[in-house]
Amino acid sequence: MPELPEVETVVRGLRVSLPGRTIDEVRFGKTDFVDDPLLISERVPGLKISSVTRHGKFICIQLEPDSASQNMSGGHCLIVHLGMTGQLTVTDPGAPVKPHTHVFFALNDGRELRYRDVRRFGRMLTLPAAGLADFKKLLGKEPLEIGEEEFCQVIGSRRTRLKALLLDQTVLCGVGNIYADESLFRARLHPARTAEKLKREQLLALRQAVREVLEEAIRFRGSSISDYRDSEGKSGTFQLQHRVYQRDGEPCLHCKSVIRRMIVAGRSTHFCPTCQPAGRTRNISKKKTTQRTRPRVRNSKSKKSK
DNA sequence: AGCTCTTCCTGAAAGC
DNA sequence: TGCTTTCAGGAAGAGC
């Protein structure tokens, strides 16, 4: 599931092949995840890709008029959110079209930018270039850029659970379920603790943990749990470094306690009950803490064929 | 302000 | 073996 490290990896890959190319044509399959497909079909062809950037979990492909083109509609941004299963890849147009591929951008170098999304939880839209600043204002702070004081103020003032805060894209943008759990484990903070009740050093530990987890995951090119692939179609490997996420029932790598799973903020949440003591939490229900009776199969590699 | 629940969607795993 | 049910999750909206 693409979170900040996965999106950053995709963006870095797209940056190698897209800037300088012109989009000649756009074709759509299913469009229920596209804000206005007709508008994209009208605006985008003939525009040249100037840069590719990331804002939280959003990919922004910046487009400008190509001097050789008739398209005089001015600069635009193509905004893509990968949702749960979105993939943006640059391929040879002759390459087999994988199932659930719904958008095709023909490029002037003969290749094709394809968007594939099995569950269609992603989103695609265009904005006039001038609208990007307002779009970014809707998002929270970038977790890799936020300073200590700002973090303490933004997080420490909130009367809500840490897990819910980390997932709230209007507070910090880019953190999702995997990296929220992994960050809280490294900061030794229970997911259901109330942010407002944390001491300054705990807030700083959380900021540091979020940074470290995200930076490390970027180095591993993201976590591939099910569908995530980078712009070249390759998997990341950070899932092998997870210390709590989807490890419920297994021993904590630090203290050997059994990793537990509970629902916080409507999300499956994994934590070590010893390393992350409950402290002062809100509405913590023991009934919601569960442990799998059988270890889950985490990926195809763990299936042993005999 | 913040919480829970629901909806969208598909495929894999679990359950029977 | 094969069919049915459950679950995973990002984001948005409803309702409390």
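Just so we're on the same page: letters track the sequence lines, and every chain starts at 1.
Among pairs with a residue in residues 249-269 of chain A, none fulfils ring-ring contact (aromatic ring centres under 6.0 Å, His included), at least two apart in sequence or across chains. Screening residues 135-187 of chain A for ring-ring contact (aromatic ring centres under 6.0 Å, His included), with sequence neighbours left out, gives A/Phe58-A/Phe135, A/Tyr179-A/Phe238.
Contact check, A/Arg120 against B/dT10: a side-chain N or O comes under 4.0 Å of OP1 or OP2. A close approach under 4.0 Å does not occur between any side-chain nitrogen or oxygen of A/His100 and OP1 or OP2 of B/dC9. The shortest distance between the side-chain N/O atoms of A/Thr85 and the OP1/OP2 oxygens of C/dG9 is not below 4.0 Å. Put simply, A/Tyr179 has no side-chain N or O that comes within less than 4.0 Å of OP1 or OP2 on C/dG9.
Taking atom NZ of residue A/Lys98 and atom P of nucleotide B/dG11, one finds them 14 Å apart after rounding to whole Å. What separates CZ of A/Arg161 from P of B/dA1 is a distance of 19 Å, to the nearest Å. Spacing between atom CG of A/Leu82 and atom C1' of B/dC9 amounts to 16 Å, rounded to whole angstrom units. Summarising the geometry, the separation between CE on A/Met262 and P on C/dC7 is reported as 17 Å, rounded to the nearest angstrom. In this structure, the CD atom of A/Gln87 is 15 Å from the P atom of B/dT10, given to the nearest Å. In this entry the distance linking CD1 of A/Ile263 with C1' of C/dA8 reads 10 Å, nearest Å. Look at CG on A/Leu162: it is 13 Å from P on B/dG2, rounded to the nearest Å. Remark: P of B/dC9 and CG of A/Asp117 are 12 Å apart, rounded to the nearest angstrom.
In this structure, of C/dA8, B/dT4, B/dG2, it is C/dA8 that holds the atom nearest to the side chain of A/Arg119.
Using modelled atom types, one finds no donor on one side chain facing an acceptor on the other under 3.5 Å when comparing A/Thr101 with A/Arg114. Side-chain contact, A/Ser51 with A/Gln62: a donor N or O sits under 3.5 Å from an acceptor N or O. Counting only N and O atoms by type, the side chains of A/Gln208 and A/Glu212 include a donor and acceptor under 3.5 Å apart.
Where the helix from B/dG2-C/dC16 to B/dC16-C/dG2 starts and where it ends, the local axes point in directions that differ by 50°; five pairs per end, rounded to 10°.
The other members of the hydrophobic cluster of A/Val97, by chain and number, are A/Phe104 (side-chain heavy atoms under 4.5 Å, ILVMFWY only).
With hydrogens and angles ignored, the 3.5 Å screen pairs no side-chain donor or acceptor of A/Glu64 with any backbone N or O of A/Ile49.
Exactly one of A/Ile61, A/Leu132, A/Thr126 qualifies for a side-chain contact (heavy atoms from CB on, under 4.5 Å) with A/Ile79. That residue is A/Leu132.
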Between N or O atoms, less than 3.5 Å apart, protein on one side and nucleotides 10-14 of chain C on the other: list the pairs.
from: C/dG10; atom 1: OP2; to: A/Arg267; atom 2: NE; distance (Å): 3.1
from: C/dG10; atom 1: N7; to: A/Arg267; atom 2: NH2; distance (Å): 2.7
from: C/dA11; atom 1: OP1; to: A/His81; atom 2: NE2; distance (Å): 2.6
from: C/dA11; atom 1: OP2; to: A/Lys57; atom 2: NZ; distance (Å): 3.2

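By the salt bridge (Lys or Arg N to Asp or Glu O under 4.0 Å) test, A/Arg116 is found to be paired with no residue, residues two or more places apart in sequence or in another chain being considered.
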